[in-house]
Amino acid sequence: MNQKQLLETIAAMKMQILELLLNANLANDKQAQRTFKTIENMFKRLDLDVEDVIPVEVLQNYFNGVDEATKALSKVGVDPVNGLSSAITSSGQVASAFDTHVHMEAIAAITDDLMLDFKSAIRTARQNTYFTLKTTLAEVKEDLQKGIIQGNSRRVITQRVAESFAKDGMKAFKTIDNKWLPLDFYSQTITRTNLKMTHTQGAGERYRENGMDLYTVTGNTPTCHQCAPLRGIVFTLNPNRSDYTYMSPKDIIRHPNCQCSMSVWVEEYKTESEIRSAREKSKAFNPDKDTRTASQKQQYEHQQNLHRQNNDSKKQFARYKAVLGNDAPKTLGGFKRSKKSGSENFKEMQQKYRAKVKEIRSS
Ligand SMILES: [Zn+2]
């Protein structure tokens with residue numbers, strides 16, 4: 001399993017639990033207990049998956065960063081210490097030249113942090129799920145007993161329990177402004193962000209190892225208001241230097257899904273005036289000042305809108321596929337074309353989808 005599969009497993013979990021709840025007879029105590037146990041085991045297995053996946057991913061991402069820095073050094077004409085070969089050998093082992101205290105210590109610290117975060121999110125989601133299921137089940141049973149609600153008890157119980165689980169079950173993390181984030185979203189965010197940071201930390205340590213402590217931040221253009229202020233600035237990896245602004249490699253990752261990376265800046269290859277201007281700009285660095293022109297902002301917004309539309313279509317296609325099966329287009333491309341054309345075919349498919357969803361909900 002890799003991180004992508006791990007995140008997919010988590011994303012699928014809510015539906016799996018819902019399905020379990022919908023298929024069990026929760027009016028029966030024994031069955032209810034068994035169902036809760038199954039759910040508990042799903043969380044336990046997830047915990048083990050995280051232990052399997054995260055350390056390997058951190059190691060790989062870190063050394064990918066190291067390798068990227070090796071290439072960048074060589075590209076600007078610096079002969080990297082220990083040469084150009086990859087940090088991980090073809091057999092998947094860490095090459096002895098990189099099996100050093102500095103690298104391994106950094107990897108261990110990142111792994112510990114991410115695992116702790118991940119496991120505590122899983123624990124919170126598990127506790128919230130258990131609590132929600134138990135209290136809702138008790139409440140709905142009491143309501144039935146008292147005659148507050150009537151009807152087929154199995155159906156009433158199933159519906160209430162499933163609904164409360166869908167609403168509160170997978171809550172995994174509470175933000176400082178008291179917003180609950182669901183487990184799938186939260187794990188995706190911490191995994192992607194931390195692995196990206198791991199990558200830049202690997203690059204940073206490789207630069208340091210070569211006595212290079214100046215770098216610039218590169219990445220996609222147009223970029224967002226958080227990343228734009230860092231572009232074109234020379235930062236130092238050395239907190240004791242006062243001629244440039246210090247920036248830890250992990251801090252260049254400003255948000256989830258940030259695509260920025262580091263690029264070595266070799267002072268000795270620069271002219272006197274280039275150095276002077278780089279230092280001035282570095283000292284004047286302001287992380288809160290959006291340095292983009294109006295047209296760059298516009299370009300970025302435009303690009304984000306396209307992404308959003310594309311993502312919406314992807315999700316819509318997945319929903320249609322799940323409900324309609326072979327009656328939905330075979331590919332995402334086909335689906336998007338059909339949607340864009342606004343054809344009778346598409347409208348028909350839309351009606352079919354809605355009718356089917358209604359049917360499922362009332363069954
Ligand atoms: Zn950004």
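When reading the values below, keep in mind they use all heavy atoms of this one structure, side chains included, and skip hydrogens, waters and symmetry mates. Just so we're clear, the structure is a prediction, and the values are computed from it rather than from any experiment. For ligands, and for the atoms within them, numbers begin at 1 and follow the listed sequence.
In this structure, Y62 has its ring center closer than 6.0 angstrom to the ring center of H103.
Y246 does not carry R241 over the face of its six-membered ring by the limits of under 6.0 Å from the centre and within 45° of the normal.
For the Zn ion (ligand 1), the N/O/S atoms of H225 include none lying under 2.8 Å. Taking 2.8 Å as the criterion, C260 does not count as a coordinating residue of the Zn ion (ligand 1), since none of its N, O or S atoms falls below it. Among the atoms of C258, no N, O or S atom falls under 2.8 Å of the Zn ion (ligand 1).
Formation of a donor-acceptor pair under 3.5 Å by the T200 side chain with backbone atoms of M197 is found in this model. Checking side-chain atoms of T89 against main-chain N and O of Q93 turns up a donor-acceptor pair under 3.5 Å.
When SG of C224 and NE2 of H255 are joined through the Zn ion (ligand 1), the resulting angle is 100° to the nearest 10°.
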